[in-house]
Engineer: 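Before I ask anything, let me first share the structure, which is written out below as structure tokens.
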Amino acid sequence: MGFSTDAIHSGQIPDPTTGAVITPIYLTSTYAQYELGKSTGYEYARTHNLTRQALEKNIAALEKGKYGIAFASGLAATHALMSLVKGGDHIVISNNVYGGTYRLYELNMKNYGLDFSWVDSTDLNNIENAIQKNTKMIFVETPTNPMLNLTDLAGISKIAEKNNLISVCDNTFMSPYFQNPLEWGIDIVLHSTTKYLGGHSDVIGGMLVTRNEKYHERLRYIQNAAGGVPSPFDCWLVLRSTKTLAVRMKQHEENARAFADFLNKSGYAERVIYPGLKDHPQNKLAKKQMRGFGGMVSADFGTLKKAKKVLNNLKVFTLAESLGGVESLVCHPASMTHASVPKDERDKMGLTESLVRFSVGIEDIEDLINDVKQALK
Ligand code: P1T
């Protein structure tokens with residue numbers, strides 16, 4: 001089936017009791033058992049919930065995977081990944097990831113004996129060179145938040161296979177509409193469903209998708225054992241949103257292309273970063289492994305003063321953390337999403353104080369462009 005057909009139908013069967021076309025929100029914490037030792041197969045809602053199962057199947061289908069494992073947030077999913085490794089193990093990871101991922105792993109999981117090498121994964125040699133005897137996982141985010149750096153996914157899966165490592169890709173920025181890491185041989189895909197999958201800035205959620213039985217079994221176990229599950233209502237909101245993912249992503253991209261083009265030609269910014277721009281250093285790789293360039297644009301305005309002028313005077317764009325909703329958002333990564341990353345690390349990757357990140361929404365593009373023009377007047 002095509003993407004939109006899967007998005008609208010996968011995992012969603014009419015309710016067996018009433019025939020309700022839309023998957024109900026199963027608000028129950030527990031299930032009646034027929035007799036001692038004999039249940040319907042549903043016993044307790046941390047373990048089983050039909051609304052959650054529908055969402056897991058739906059996103060697994062969109063990611064061309066076999067299993068979806070839902071979590072209460074993207075970071076809960078990121079945390080659950082660490083159940084695949086143990087103290088003494090080493091993980092090679094993109095140096096530019098969401099700031100919260102850095103905070104969780106480098107500032108917290110290190111206390112449990114895990115070791116992380118943060119490398120520029122745009123160059124596969126850096127990944128290979130960082131592999132040690134105790135390396136167990138390669139974790140990449142592509143394109144990265146907020147620098148929009150790309151990592152060659154086919155190259156990563158080859159290295160992982162050769163060295164017997166688990167490969168993980170955070171696919172939040174592209175959504176399954178524009179990129180399917182499993183198709184490039186990656187073992188596990190991570191999503192913050194808070195973003196494009198949720199799409200309306202009204203829910204927090206996370207998802208892991210895999211085809212691998214062993215990883216699925218372990219992650220399913222930890223989903224129940226640690227209990228970081230999303231509520232049935234939150235699952236229902238995301239399930240409702242994936243139905244329109246394709247139409248939203250097309251519009252996000254159309255607007256982002258026009259927005260990046262405008263910014264680039266306007267001369268307002270010193271550097272405009274968008275994988276769809278010909279001068280993006282990895283434009284060729286973007287065309288190879290993605291089916292589009294997404295809705296995120298970053299721009300360096302040269303000075304904090306000018307960046308502030310943009311951030312404080314936009315009227316259609318809202319100054320806020322997060323991304324991927326229908327409404328346009330703008331943020332200052334250095335002091336907001338990536339404040340946990342030390343300044344020298346930020347500087348190394350070009351995440352300067354004058355960098356502004358735009359999550360281009362699906363409003364009328366003229367209004368978004370005019371918004372920047374009036375902000376800088
Ligand atoms: O916020 P949460 O649902 O826990 O997801 C964490 C996360 C994981 N991966 C990526 C690539 C992300 O961008 C995020 C969350 N990011 C933001 C809140 C942000 O404004 O960038």
Side-chain angles (χ1 to χ4, degrees), residues 55 59 63 69-82 93-109 118 121 139-151 153 168-176 178-179 181 186 188-209 223 226 228-231 234-235 237-238 241 252 273 275 290 294-298 311 317-325 327-341 346 349 351 355-361:
L55 177 67
I59 296 180
E63 276 296 3
I69 308 109
F71 293 90
S73 67
L75 278 177
T78 310
H79 186 248
L81 282 171
M82 292 299 103
I93 181 162
S94 305
N95 61 348
N96 176 206
V97 290
Y98 167 54
T101 307
Y102 178 88
R103 180 180 56 200
L104 173 64
Y105 286 171
E106 184 65 20
L107 308 181
N108 290 283
M109 299 312 289
W118 301 87
S121 57
F139 181 124
V140 298
E141 190 176 292
T142 181
T144 62
N145 178 358
M147 300 312 298
L148 302 165
N149 295 326
L150 268 63
T151 295
L153 290 172
V168 177
C169 174
D170 185 333
N171 196 26
T172 299
F173 265 39
M174 277 301 106
S175 90
F178 284 130
Q179 179 170 267
I186 296 294
I188 304 169
V189 173
L190 165 71
H191 278 287
S192 165
T193 56
T194 313
K195 310 301 182 310
Y196 289 107
L197 287 161
H200 299 74
S201 305
D202 51 11
V203 64
I204 297 281
M207 184 72 71
L208 297 175
V209 179
Q223 179 194 43
V229 291
S231 78
D234 286 355
C235 292
L237 280 173
V238 180
S241 299
H252 276 296
I273 314 169
M290 299 161 15
M296 299 300 295
V297 178
S298 292
L311 291 158
F317 280 88
T318 303
L319 176 62
E321 307 236 2
S322 205
L323 60 110
E327 60 287 293
S328 293
L329 300 179
V330 65
C331 110
H332 183 242
S335 68
M336 294 166 74
T337 54
H338 290 71
S340 310
V341 181
R346 279 192 261 123
M349 61 181 110
L351 203 168
L355 189 86
V356 173
R357 187 190 75 181
F358 298 90
S359 172
V360 181

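It should be emphasised that the depicted structure is a prediction, and the values quoted were computed from it without experimental measurement. All ligand and atom numbering here is 1-based and tracks the order in the structure.
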Engineer: Out of Asn145, Asp170, Thr101, who gets a non-hydrogen atom closest to atom 10 (C) of ligand 1?
Structural biologist: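 Considering heavy atoms of Asn145, Asp170, Thr101, the nearest to atom 10 (C) of ligand 1 sits in Asp170.
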Engineer: Would you find a donor on one side and an acceptor on the other, under 3.5 Å apart, between the side chain of Gln223 and the backbone of Ala70?
Structural biologist: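 Pair found, side chain donor or acceptor close to backbone of Ala70.
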Engineer: Return yes or no for this condition: an N or O of Lys195 is under 3.5 Å from an N or O of ligand 1.
Structural biologist: yes
Engineer: Just checking, is any N or O donor in the side chain of Asp170 or Thr172 under 3.5 Å from an acceptor N or O on the other one?
Structural biologist: yes
Engineer: May I ask you to check whether Asn96 and Glu141 show a side-chain donor-acceptor distance below 3.5 Å?
Structural biologist: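 Side-chain D/A pair, Asn96 to Glu141: absent.
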Engineer: Hey, is Leu323 touching ligand 1 through its side chain, its backbone, both or neither, going by heavy atoms under 4.0 Å?
Structural biologist: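 Under 4.0 Å from ligand 1, Leu323 contributes side-chain atoms alone.
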Engineer: Starting from the C-alpha separation in whole Å, work towards a yes-or-no answer on side-chain contact (heavy atoms from CB on, under 4.5 Å) for Tyr98 and Thr144.
Structural biologist: CA-CA 7 Å; Tyr98 167 54; Thr144 62; over 6 Å; no
Engineer: Going by the order shown, which atoms of ligand 1 are within less than 4.0 Å of some heavy atom of Glu141?
Structural biologist: 11 (C)
Engineer: Is it true that the side chains of Thr151 and Thr142 contain a donor and an acceptor less than 3.5 Å apart?
Structural biologist: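 On atom types as modelled, these side chains do not qualify, holding no pair under 3.5 Å.
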Engineer: Looking at side-chain heavy atoms only, is the closest gap between Val203 and Val238 below 4.5 Å?
Structural biologist: yes
Engineer: If you define the side chain from C-beta out and look only at heavy atoms, does anything of Asp234 sit under 4.5 Å from Ile204?
Structural biologist: no
Engineer: What protein heavy atom sits nearest atom 19 (C) of ligand 1, and how far off is it?
Structural biologist: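 For atom 19 (C) of ligand 1, the nearest protein heavy atom is Thr337 CG2, 3.4 Å.
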Engineer: Determine whether Leu329 and Glu321 satisfy the following criterion, side-chain contact (heavy atoms from CB on, under 4.5 Å), listing intermediate values before the conclusion.
Structural biologist: CA-CA 8 Å; Leu329 300 179; Glu321 307 236 2; over 6 Å; no
Engineer: Give the atom numbers and elements of ligand 1 that come within less than 4.0 Å of a heavy atom of Gly205.
Structural biologist: 3 (O)
Engineer: Before we go on, tell me: are the rings of Phe173 and Phe178 under 6.0 Å apart, centre to centre?
Structural biologist: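 No, too far apart.
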Engineer: For ligand 1, indicate whether the residue Met336 contacts it via side chain, backbone, both or neither (heavy-atom separation under 4.0 Å).
Structural biologist: neither
Engineer: Is there a heavy atom in Ser359 that sits closer than 4.0 Å to ligand 1?
Structural biologist: no
Engineer: Kindly confirm or rule out an N or O of Arg357 lying under 3.5 angstrom from an N or O of ligand 1.
Structural biologist: yes
Engineer: Which one holds for His79 and ligand 1: side chain close, backbone close, both close, or neither close, with close meaning a heavy atom under 4.0 Å?
Structural biologist: neither
Engineer: Which ligand 1 atoms does Thr172 reach within 4.0 Å, using its non-hydrogen atoms?
Structural biologist: 9 (N), 10 (C), 11 (C)
Engineer: Closest non-hydrogen protein atom to atom 7 (C) of ligand 1, residue and atom name please, with distance?
Structural biologist: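 Ranked first by proximity to atom 7 (C) of ligand 1 is Tyr98 CD2, 3.3 Å.
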Engineer: Can you figure out which of Gly100, Ser322, Gly324 has its heavy atom closest to atom 20 (O) of ligand 1?
Structural biologist: Ser322
Engineer: Got an N/O contact under 3.5 Å between Thr194 and ligand 1?
Structural biologist: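 By distance alone, the answer is yes.
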Engineer: Which residue and non-hydrogen atom of the protein lie closest to atom 4 (O) of ligand 1, and at what distance in Å?
Structural biologist: Leu75 N, 2.9 Å
Engineer: Would you check whether Ser192 has a nitrogen or oxygen atom less than 3.5 angstrom from a nitrogen or oxygen atom of ligand 1?
Structural biologist: yes
Engineer: Hey, which atoms in ligand 1 end up nearer than 4.0 Å to a heavy atom of Ser73?
Structural biologist: 3 (O), 4 (O)
Engineer: Checking Ser201 now: which residues fulfil side chain to side chain donor-acceptor pair (under 3.5 Å) with it, not counting sequence neighbours?
Structural biologist: Glu327
Engineer: For Ile204, is at least one N or O under 3.5 Å away from an N or O on ligand 1?
Structural biologist: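 It does not: no N or O of Ile204 is found under 3.5 Å from an N or O of ligand 1.
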Engineer: Going by the rule side chain to side chain donor-acceptor pair (under 3.5 Å), which residues pair with Thr194 if we only count those two or more places apart in sequence or in a different chain?
Structural biologist: Ser192
